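Keep in mind the model is a prediction, meaning the values are calculated, not measured. Naming convention: chains lettered A, B, ... in sequence-line order (proteins, then strands); numbering from 1 in each chain.
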Protein chains: 2
Amino acid sequence: MITKTAPRVELTRDAIVGRALAIADVEGSDAVTIRRLAQEFDVTPMALYWHVKNKDELLAAMGDRFYEELPELDQSGSWSDRLRAVMEALVGSLGNHPGSAHLAAHRVLANEAGQQLTETTLGMLRSAGFSATQASDIARSALQSAVMLVTQMAGAEVAVAADERDAVLRAKRAAITALPVERFPNLVACADALTGCDDEAAYYAFGVDLFIAGVERLNASTKRQNRKT
Amino acid sequence: MITKTAPRVELTRDAIVGRALAIADVEGSDAVTIRRLAQEFDVTPMALYWHVKNKDELLAAMGDRFYEELPELDQSGSWSDRLRAVMEALVGSLGNHPGSAHLAAHRVLANEAGQQLTETTLGMLRSAGFSATQASDIARSALQSAVMLVTQMAGAEVAVAADERDAVLRAKRAAITALPVERFPNLVACADALTGCDDEAAYYAFGVDLFIAGVERLNASTKRQNRKT
DNA sequence: ACCTGAACACCGTTCAAGT
DNA sequence: ACCTGAACACCGTTCAAGT
């Protein structure tokens, strides 16, 4: 049944990680298994263990990819401009593989490029007047918000296989519109917006704006407090 | 070895879900398996299938718990006060089971109590002047931010078993402090803040503040725009 | 209504062995 | 250096059968 006229790509660590990301994109990250990967490479499951210590290391390597493929940062302008650039870079990179984006979070501090990114982010936040604790919380929040934006986008349904997403979404919307309008007027009114996204760019822009706005506002009120004391 | 002088609690759907949440809390959500639960209830794995359709339904039921156990909402004050109350209720409920909190996200619109919460949240946002799309995005963001706050708290390490968390955290911190200070001054300075949280209440307050501040600021600038046109 | 027994198709992983 | 074979201890789940 599974006629693999596979292009016979060489079995390397990078190739494995790439395949794993591809599988996660179309079938969700639960679909990436050692045995499945082996099959796609036309090789014994144990062959993978030469290139990757175990499955955890594979998932880690998948998470690392996002930092290694980060677009270049535009680091001009105010600190909040630069923070926005960080967010946009993250969203850009994570958006390439929504099904695996959540794997990035655990790797920021383990990965070289992730450490660099964190360093510069902490730098801009502390120079803006935030304390070490505040800067750390905000930096963590920035990364997590970026992950959230790409994985939770309305209609992304990252956990379900690509060819079932439509059906799942239709069912979801139907369930909402079937609700009694008297009790759930807002839910019914927002049914479309809650189950689909018809302007990705606007969605991402709004999400990033929301985050940056919060940081700017906190910074302003922190400064005001400091002036008082 | 596993001498189960089990209190022999009755096998019911609620009991199963409760046990599952407890397991996830101390060993991470990967540790909850049908067979493991059966063992703890001193019963055959197949016995569980009478009370729960399959594992997905079990995970869904775990997610539902958070909405069913939501504390009462203080719905007085301005729209942003009420939005803050929603966030605090979510953080409160999710904080009871950090290891399973991520399961809540997929269930908001499927769960009765989740629908209610979404309805009132959308209501307060739209009455504040946000569009249906904006309100939907913000509501989704609010839930996801709450999940993030409890699962990503520095030192929570929700995926690793409780008795290994200390070792993992020590290793993490050691890795950071071992970094060259010239290249990573901020990372080193924030090592403690990045790997541990010494004031949970302050951490949650800051996280909620950050979110609310963002929404308030966006609302202000949206209003200004509307006035112009 | 509620649970068991046996069986199936999957997992990740180890270890010794091949080339 | 890179891969295979055989084996082990786990999964979720079905289906027929018991009480």
Practice task
Flag the pair A:Glu40 and A:Arg35 as a salt bridge only when some basic side-chain nitrogen lies within less than 4.0 angstrom of an acidic carboxylate oxygen.
Solution key: no
Handout entry: Rounded interatomic separation in angstrom, taking NZ from B:Lys53 and C1' from D:dT14
Key = 14 Å
Practice task
Take atom NE2 of A:His51 as the centre, draw a 6.0 Å sphere, and report whether it contains more than 12 heavy atoms from other residues, nucleotides or ligands.
Solution key: yes
Problem - Base-pairing mate for C:dG5 - Watson-Crick or G-U, with both contacts under 3.5 Å - result: D:dC15
Practice task
Please examine the side chains of A:Leu90 and A:Val150, heavy atoms only from C-beta on, and report whether any two atoms are closer than 4.5 Å.
Solution key: no
Problem - Spacing between A:Leu37 atom CG and C:dT13 atom P, to the nearest angstrom - result: 12 Å
Handout entry: From D:dT4, D:dA1, D:dT13, nucleotide with atom closest to A:Trp50 side chain
Key = D:dA1
Handout entry: Spacing of A:Leu48 atom CG relative to C:dC15 atom P, expressed in whole Å
Key = 18 Å
Exercise for the section: Look at the side chain of B:Arg35 and decide which nucleotide, out of D:dC3, D:dT13, C:dC15, has an atom nearest to it. Expected result: D:dT13
Completion exercise
When rounded to whole Å, the CG to P distance for the pair B:Asn54 and D:dC11 reads 17 Å
Fill in the blank from the handout: Among D:dT4, C:dG5, D:dC3, the one nearest any side-chain atom of A:Thr44 is D:dT4
Practice task
Starting at atom CZ of B:Phe41, determine the distance to atom C1' of C:dT4, rounded to an integer number of angstrom.
Solution key: 18 Å
Practice task
In plain terms, say whether A:Arg107 and A:Glu112 are close enough for a salt bridge, that is, a side-chain N and a carboxylate O under 4.0 Å apart.
Solution key: no
Practice task
Side chain of B:Leu11 only, please: which of C:dT13, C:dA6, C:dC3 is the nearest?
Solution key: C:dC3
Completion exercise
Here the distance between atom C1' of C:dG12 and atom CZ of A:Arg36, to the nearest Å, is 16 Å
Practice task
Looking only at side-chain atoms of A:Met46, point me to the closest of C:dT14, D:dG12, D:dC2.
Solution key: C:dT14
Problem - C:dC3 phosphate, OP1 or OP2, under 4.0 Å from B:His51 side-chain N/O - result: yes
Handout entry: Distance, rounded to the nearest Å, where A:Ile34 contributes CD1 and D:dT4 contributes C1'
Key = 16 Å
Fill in the blank from the handout: In whole angstroms, the gap separating C1' of D:dC10 from NZ of B:Lys55 amounts to 12 Å
Handout entry: Test: A:Arg19 and A:Glu10 ion pair at under 4.0 Å
Key = no
